[in-house]
K.L.:
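First the structure, then my questions, so here it is.
Sequence positions, counted from 1, serve as the residue numbers for this chain.
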Amino acid sequence: MTEIPFDFRAPKTNFTEFVGLGTDPVSTEPYRSPEYFELERERVFNRAWLCMARVERVPEPGSFIVEQVETAKTSVIITRTKDGSIKAFHNVCSHRSNTLVLEREGKASRFICRYHNWTYRNDGELAGVPDERNFFGIDKKCYGLAPVACDVWEGWIFINFQREPEVSLAEFLGSFGGSYLNIPYQNADSSVLYVSHLKANWKVIADAFAETYHIPAIHPETIGSTFASNENPYARPISTQVWGPHRSLSTYGNPDYAPPERAKVERLAYSNIATGNVISAARLDDMDVFLKHPAINPTKSRHWAVDITWLFPNFMMDVSPGGFWTHHFWPIDFHTTRWEARFHVPNSTDVWTRLQQEHYVARLGEILLEDVGNTERTQLGLESGAKDVMPLQDGEVMIRHSLHHIQKWIDADTVREALA
């Protein structure tokens, strides 16, 4: 891990050069090229370990979820088997390749194809074939579900589309895996989900959540006073960390923020909340163990608001005084993305908590619309061909780091070479 604290009031060095990156403008071609997208699909998404979900989404034997992965042109069944292990399979019947499970989630010990009633146990084994004697010596052991490599780290489920992954999940995560051990993910079993299909390259969407330079311009009425202040008017971040292809940024938070007098509902909602952060969803005293973890707000700055942690290639996990939330940026084609954001909130136990959560969800919708509403316009500009490069400032270091490692994976013949 490389970590650098940054004095936003009097910078003496910069994140970008400290983590070994250049400062020249970067190419816009990766955002608009169908050919580049195909390279990403083949060399990145089909070789990297992809974070899919929390284990709480498959809490007991028989629980399953189905996740679409457009880059692999498949959907994946993730299920907890009888022995408690978590497995993943292509959602494809072995008979005529029909889609097997049509529900997004549920509980079932067996999966039955709606086409010809072929039946599979949730460990992938083929259990039943109607009119089996009319086949020509079919061996059911040879026709189970096609497995997808699957592993779990700290409650996060990952898959890999290589039939024999070149590296283990532990090797893929590298030193990041050690730094983020034993974080107590509060409220992991309770969440609010936002989903949108956007006409923009997946990196345009990810980039929108990877820097705070845009906050004073795009979010002046929502979080502009929370992530910026008179002493830090451009919302410069306070620290950054990198672990191979993975990265994190600690954002500035205005410690003196208070809801303005005109914000009657916000003032009411936060009258018994001590977080000081308008996108929190829990009391600060409930999050004490969480916030003391050394990986969270690593400099323990009083100006801290959020850690934006970006696992290569397309998953973000953000943590704040109120808990954690995630973003998945799933490419569909070179200029279409399915974006999913899942915000974890506690189960409300009283009227005040419920009020705060309702306000939180409403505020989130407003903030997220401000963020993604700009992305399709950005994609139109990129595809116009008017500009071949974009200059990135130091606060946009995670964007530069992402582009650097995507290119590294595209150029590398092996995953180990890409990780080196």
Side-chain angles (χ1 to χ4, degrees), residues 45 48-59 65-69 71 76 78 86 104-105 150-159 169 172-173 176-177 179-181 183-198 202-203 205-212 241 243 245-251 277 279-282 287 290-291 293 295-297 305-331 337-346 357 360-361 363-365 367-369 371-372 375 398 402:
F45 285 89
W49 284 91
L50 305 175
C51 187
M52 302 300 293
R54 288 288 308 172
V55 294
E56 287 81 4
R57 292 186 61 197
V58 284
I65 57 175
V66 175
E67 296 291 337
Q68 191 74 23
V69 186
T71 55
V76 177
I78 298 172
I86 293 175
R104 285 295 307 272
E105 60 184 31
C150 181
D151 202 353
V152 177
W153 168 83
E154 291 293 291
W156 297 100
I157 303 169
F158 288 77
I159 63 169
L169 175 58
F172 173 76
L173 293 174
F176 169 85
S179 296
Y180 273 67
L181 284 175
I183 289 180
Y185 293 101
Q186 307 279 24
N187 311 310
D189 60 345
S190 176
S191 64
V192 176
L193 175 64
Y194 292 83
V195 181
S196 184
H197 287 75
L198 299 160
W202 70 276
K203 296 184 295 299
I205 316 298
D207 292 356
F209 294 99
E211 48 85 7
T212 52
Q241 303 171 84
W243 308 262
H246 316 296
R247 60 201 73 96
S248 182
L249 192 75
S250 291
T251 72
N277 185 328
I279 58 172
S280 291
M287 308 300 292
F290 178 77
L291 297 175
H293 192 282
I296 295 174
N297 183 18
V306 175
D307 284 346
I308 305 169
T309 303
W310 186 348
L311 269 67
F312 184 85
N314 68 323
F315 176 71
M316 283 185 191
M317 175 182 65
D318 295 354
V319 297
S320 81
F324 77 104
W325 63 93
T326 63
H327 297 276
H328 278 99
F329 311 101
W330 290 113
T337 302
R338 176 168 50 87
W339 161 68
E340 296 187 353
R342 192 177 292 271
F343 292 80
H344 293 267
V345 296
Q357 288 180 5
Y360 171 68
V361 171
R363 174 59 65 89
L364 277 176
I367 296 166
L368 295 174
L369 281 173
D371 278 315
V372 300
T375 56
M398 291 216 295
S402 170

K.L.:
Would you indicate whether the side-chain heavy atoms of E67 and R57 approach each other to under 4.5 Å?
P.N.:
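Answer yes - side chains close enough.
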K.L.:
Please determine whether a side-chain nitrogen of the Lys or Arg among R338 and E340 lies less than 4.0 Å from a carboxylate oxygen of the Asp or Glu.
P.N.:
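Yes, charged N to carboxylate O under 4.0 Å.
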K.L.:
Could you tell me if the side chain of R247 sits less than 4.5 Å from the side chain of F312, heavy atoms only?
P.N.:
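With C-beta onward as the side chain, the pair touches.
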K.L.:
Write down the atom of V58, the atom of I78, and the distance for their closest heavy-atom approach.
P.N.:
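Heavy-atom minimum between the residues: CG1-O, 3.7 Å.
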K.L.:
Show, in sequence, the C-alpha distance, side-chain angles and deciding distance for L173 and F158, and conclude whether the side-chain contact (heavy atoms from CB on, under 4.5 Å) test is met.
P.N.:
CA-CA 11 Å; L173 293 174; F158 288 77; 4.2 Å; yes
K.L.:
Would you please name every residue forming a side chain to side chain contact (heavy atoms under 4.5 Å, CB included) with D371, sequence neighbours left out?
P.N.:
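Partners of D371 by the side chain to side chain contact (heavy atoms under 4.5 Å, CB included) criterion, ordered by chain and then number, come out as F209, H214, H219, I367.
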K.L.:
Please round to the nearest 0.5 Å and tell me the distance separating atom CZ of R342 and atom OG1 of T326.
P.N.:
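R342 atom CZ to T326 atom OG1 measures 6.5 Å (nearest 0.5 Å).
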K.L.:
Test your reading of the model: is there a side-chain donor-acceptor pair from S190 to the backbone of N187, 3.5 Å cut-off?
P.N.:
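Judged by distance alone, no pair lies under 3.5 Å.
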K.L.:
What is the distance from atom CD1 of I157 to atom SG of C51, rounded to the nearest 0.5 Å?
P.N.:
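Here the rounded value is 8.5 Å.
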K.L.:
Give me the atom names and distance for the closest heavy-atom approach of F45 to L50.
P.N.:
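Nearest pair, atom of F45 first, then L50: O-CD1, 3.7 Å.
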K.L.:
So, does S250 use its side chain to make a donor-acceptor pair with the main chain of N297 at under 3.5 Å?
P.N.:
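No: the side chain of S250 does not pair with the backbone of N297.
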K.L.:
Write down the atom of L249, the atom of A210, and the distance for their closest heavy-atom approach.
P.N.:
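Residues L249 and A210, closest heavy atoms: CD2-O, 3.9 Å.
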K.L.:
How long is the gap from CZ on F329 to CG on N314, to the nearest 0.5 Å?
P.N.:
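Answer rounded to 0.5 Å: 8.0 Å.
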K.L.:
Under 3.5 Å, is there a donor-acceptor pair between the S179 and W243 side chains?
P.N.:
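Yes, because at least one side-chain N or O of S179 sits under 3.5 Å from a partner of the opposite role on W243.
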K.L.:
For the residue pair F172 and W153, is the inter-centroid distance of their aromatic rings smaller than 6.0 Å?
P.N.:
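Here the rings of W153 and F172 have centres that are no less than 6.0 Å from each other.
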K.L.:
I'd like to know if the side chain of H344 reaches the main chain of F324, judged simply by a donor and an acceptor atom lying under 3.5 Å from each other, with no hydrogens or angles considered.
P.N.:
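Checked: no pair found.
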K.L.:
At what distance, to the nearest 0.5 angstrom, does CH2 of W49 lie from CD1 of I159?
P.N.:
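That separation rounds to 9.0 Å.
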K.L.:
Using the ring of each side chain (for Trp, its six-membered ring), is H327 parallel, tilted or perpendicular to F343, with breaks at 30° and 60°?
P.N.:
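Perpendicular: the ring planes of H327 and F343 meet at over 60°.
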K.L.:
Does some side-chain heavy atom of T71 sit less than 4.5 Å from a side-chain heavy atom of W202?
P.N.:
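SC-SC contact between W202 and T71 ruled out.
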K.L.:
Closer than 3.5 angstrom, by distance alone: can the side chain of H293 be matched with the main-chain N or O of A295 as a donor-acceptor pair?
P.N.:
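Yes, H293 side chain to A295 backbone: donor-acceptor pair under 3.5 Å.
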K.L.:
Should I296 and I183 count as side-chain neighbours, where that means a heavy-atom distance under 4.5 Å?
P.N.:
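Counting from C-beta outward, I296 and I183 do come under 4.5 Å.
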K.L.:
Carefully, step by step, assess Q241 and D307 under the rule side-chain contact (heavy atoms from CB on, under 4.5 Å).
P.N.:
CA-CA 10 Å; Q241 303 171 84; D307 284 346; 5.6 Å; no
K.L.:
Can you measure from CE (M52) to CH2 (W330) and round to the nearest 0.5 angstrom?
P.N.:
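M52 CE to W330 CH2: 4.0 Å, rounded to 0.5 Å.
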K.L.:
Between M316 and A206, what is the shortest heavy-atom contact and its length?
P.N.:
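Shortest heavy-atom separation between M316 and A206 comes out as CE-O, 3.2 Å.
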K.L.:
From F176 CZ over to L181 CG, what is the distance, rounded to the nearest 0.5 angstrom?
P.N.:
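It is 9.5 Å, given to the nearest 0.5 Å.
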K.L.:
Which heavy atom in S320 sits nearest to a heavy atom in L291, and how many Å separate them?
P.N.:
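The pair with the smallest heavy-atom distance is O-CD2, 3.9 Å.
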K.L.:
I need the minimum non-hydrogen distance between R54 and A188, along with the two atoms involved.
P.N.:
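Heavy atoms only, the tightest pair is NE-CB, 4.0 Å.
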K.L.:
Between W339 and L368, is a side-chain contact (heavy atoms from CB on, under 4.5 Å) present by the stated rule, with each step listed?
P.N.:
CA-CA 11 Å; W339 161 68; L368 295 174; 3.9 Å; yes
K.L.:
Between Y185 and W156, is the ring centre distance below 6.0 Å?
P.N.:
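Ring-ring flag for Y185/W156: true, centres closer than 6.0 Å.
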